[in-house]
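Structure first, then comments.
It should be emphasised that the depicted structure is a prediction, and the values quoted were computed from it without experimental measurement.
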Amino acid sequence: MEIIFQGRLNSEETVESLESVIRLFKDRYHISQFREVHLSVTLVSEQGEDVELIDSETQHAFRVFEVYRDGCELTRRHGKPVLKLVIDNTR
């Protein structure tokens with residue numbers, strides 16, 4: 001299943017939209033887990049231009065950001081799960 005948000009959204013609107021879709025799955029359809037989530041985004045600068053994040057070592061654009069849980073269990077801090085963003089720039 002793909003979830004597509006049309007138009008330009010600021011960071012807060014994007015978070016709210018994604019949260020509302022996940023809440024809809026949970027509340028209406030009783031979906032409690034997700035096996036994988038693939039999120040495709042086009043980054044836009046404050047000036048409205050499409051941008052890419054560039055690896056300072058290789059000068060290549062980042063194409064994939066992988067988020068892993070810390071070990072086998074989610075690390076909890078103040079009762080909330082904590083995810084780490086892992087960027088492999090060794091390729």
Side-chain angles (χ1 to χ4, degrees):
M1 169 188 289
E2 287 187 42
I3 301 168
I4 300 171
F5 300 105
Q6 297 290 342
R8 290 185 184 239
L9 302 168
N10 64 34
S11 297
E12 291 80 18
E13 292 167 333
T14 303
V15 169
E16 290 171 8
S17 296
L18 190 53
E19 282 180 341
S20 68
V21 169
I22 292 171
R23 197 172 301 111
L24 173 75
F25 288 153
K26 179 183 176 204
D27 295 345
R28 185 178 296 173
Y29 302 109
H30 309 288
I31 304 297
S32 62
Q33 297 180 19
F34 302 91
R35 183 171 296 118
E36 288 185 51
V37 176
H38 295 253
L39 181 62
S40 176
V41 297
T42 301
L43 304 174
V44 180
S45 71
E46 290 179 353
Q47 293 76 28
E49 298 173 352
D50 290 4
V51 296
E52 294 181 323
L53 299 180
I54 305 297
D55 183 321
S56 60
E57 293 178 16
T58 66
Q59 301 304 310
H60 291 100
F62 284 112
R63 296 288 178 228
V64 177
F65 287 88
E66 293 179 300
V67 179
Y68 296 95
R69 289 192 274 181
D70 189 15
C72 294
E73 299 291 324
L74 283 176
T75 303
R76 297 201 175 266
R77 192 176 296 154
H78 305 296
K80 295 183 179 180
V82 176
L83 296 176
K84 290 184 179 179
L85 182 64
V86 178
I87 303 169
D88 180 3
N89 64 2
T90 60
R91 297 180 200 181

(request) Report the residues that fulfil side chain to side chain contact (heavy atoms under 4.5 Å, CB included) with Ser40, sequence neighbours left out, ordered by chain and then residue number. (result) none

(message) Just to verify, what does Leu43 make a side chain to side chain contact (heavy atoms under 4.5 Å, CB included) with, not counting sequence neighbours?
(response) Val41, Val51, Leu53

(request) Among residues two or more places apart or on two chains, list those pairs meeting side chain to side chain donor-acceptor pair (under 3.5 Å) that have a residue in residues 42-54. (result) Ser45-Gln47, Glu52-Arg63

(message) Glu2: which residues meet the salt bridge (Lys or Arg N to Asp or Glu O under 4.0 Å) condition with it, sequence neighbours left out?
(response) none

(message) Do Leu39 and Met1 sit in one hydrophobic cluster, given that two such residues count as connected whenever their side-chain heavy atoms are within less than 4.5 Å of each other, even indirectly?
(response) no

Enumerate, atom names and distances included, each donor-acceptor pair closer than 3.5 Å involving a side-chain atom of residues 28-36, sequence neighbours excluded.
residue, atom, partner, partner atom, Å
Glu36, OE1, His38, NE2, 2.7

With a 3.5 Å cut-off and sequence neighbours excluded, list the donor-acceptor pairs that the side chains of residues 4-19 form with protein atoms.
residue, atom, partner, partner atom, Å
Arg8, NH1, Gly48, O, 3.2
Arg8, NH2, Gly48, O, 3.4
Asn10, OD1, Glu12, N, 3.1
Asn10, OD1, Glu13, N, 2.8
Glu13, OE1, Asn10, N, 2.9
Thr14, OG1, Asn10, O, 2.9
Ser17, OG, Glu13, O, 2.9

